[in-house]
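Each chain gets a letter, A, B and so on, in the order its sequence line appears, and its residues count up from 1.
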Amino acid sequence: MAESKRYWLMKSEPSVYSIGDLQRDGSTSWEGVRNYQARNFMRDDMRLGDGVLFYHSNAKPMGIYGVAEVVREAYPDDTAFDPTSRYHDPKSDPAQPTWLMVDVGYVRTFTAPITLAALKEIPGLEAMMVIRKGSRLSVQPVTPQEWDVVMRIASE
DNA sequence: GCCAACGTTGGC
DNA sequence: GCCAACGTTGGC
């Protein structure tokens, strides 16, 4: 039996990379993840075709702006080896890269973002990681149920 | 701009 | 192995 599709939420500061940038580019490499838990999700669980909620953090307003999908599974994040990169990590050995990235492709932008404030009020999303105070994980799993709720809200 | 929450580092 | 100090994230 085929593995079923999984769902994710990925955060980006729009001043760094926005969903508008992704729409323009079509797809992008998701470099710069420097958290082991987030890396492990990308390495161990994220598969081609998985759905991604595109979240803007440090934004006005903060929230889910649209949908992307995984178009390439985890591979080494070479920005870790670039001393001029803001994501440079001198401890990462090119022969055994510490950090990985995936590629995500643009799917669609919601007609209106589902704001963080709104997410907190939606029945069925109470357990969503992103609404928890202090939740800093930039790559988070989303349950199929949560995904369905978000898609339903987005189409209203 | 502030600061709480969190992950990482390093001294012991 | 513990935990204080530190740097960063990210909501407010």
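- Residue pairs meeting the ring-ring contact (aromatic ring centres under 6.0 Å, His included) criterion with at least one partner in residues 103-141 of chain A, sequence neighbours excluded, are absent.
- Judged as a ring-ring contact (aromatic ring centres under 6.0 Å, His included), and not counting sequence neighbours, the contacts of A:Phe54 are A:Trp30, A:His56.
- In the helix from B:dG1-C:dC12 to B:dC12-C:dG1, the terminal helix axes, each the rotation mapping four pairs' C1' atoms onto the next four within five end pairs, subtend 10°, rounded to 10°.
- With rounding to whole Å, A:Asn58 atom CG is found 8 Å from C:dG11 atom C1'.
- Remark: A:Arg43 pairs with A:Arg39, A:Asn40, A:Leu100 by the side-chain contact (heavy atoms from CB on, under 4.5 Å) rule, at least two apart or across chains.
- Under the 4.5 Å side-chain heavy-atom criterion for Ile, Leu, Val, Met, Phe, Trp and Tyr, A:Val71 and A:Leu9 are members of distinct hydrophobic clusters.
- Using modelled atom types and a 3.5 Å distance limit, the side chains of A:Gln140 and A:Ser135 yield a donor-acceptor pair.
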Note to self: What verdict does the ring pair (Phe, Tyr, Trp, His ring centres under 6.0 Å) test give for A:Tyr36 and A:Trp99, after you've listed the backbone C-alpha separation in whole Å, the side-chain angles of each residue and the deciding distance to 0.1 Å?
What the structure shows: CA-CA 8 Å; A:Tyr36 288 101; A:Trp99 303 113; 4.7 Å; yes
Just list the side-chain donor-acceptor pairs under 3.5 Å for residues 117-131 of chain A, sequence neighbours left out, or say none.
from, atom 1, to, atom 2, distance (Å)
A:Glu126, OE1, A:Gly124, N, 2.9
A:Glu126, OE2, A:Gly124, N, 3.3

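- With sequence neighbours left out, the ring-ring contact (aromatic ring centres under 6.0 Å, His included) criterion links A:Tyr75 to no other residue.
- Residues forming a ring-ring contact (aromatic ring centres under 6.0 Å, His included) with A:Tyr87 (at least two apart in sequence, or on another chain): none.
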Atom pairs, protein N/O to nucleotides 7-10 of chain B N/O, distance under 3.5 Å:
from, atom 1, to, atom 2, distance (Å)
B:dT9, OP1, A:Lys91, NZ, 3.4

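- Taking every heavy atom of residues 112-133 of chain A and every atom of DNA chain B, pairs under 4.0 Å involve A:Lys133, by number.
- By the ring-ring contact (aromatic ring centres under 6.0 Å, His included) test, A:Tyr7 pairs with A:Trp147, sequence neighbours left out.
- Counting only N and O atoms by type, the side chains of A:Arg136 and A:Ser57 include no donor and acceptor under 3.5 Å apart.
- Within residues 9-21 of chain A, the residues approaching DNA chain C are A:Lys11, by heavy-atom distance under 4.0 Å.
- Under the rule for a side-chain contact (heavy atoms from CB on, under 4.5 Å), the partners of A:Ala38 that lie at least two apart in sequence or sit in another chain are A:Val33, A:Asn35, A:Leu137, A:Ser138, A:Val139.
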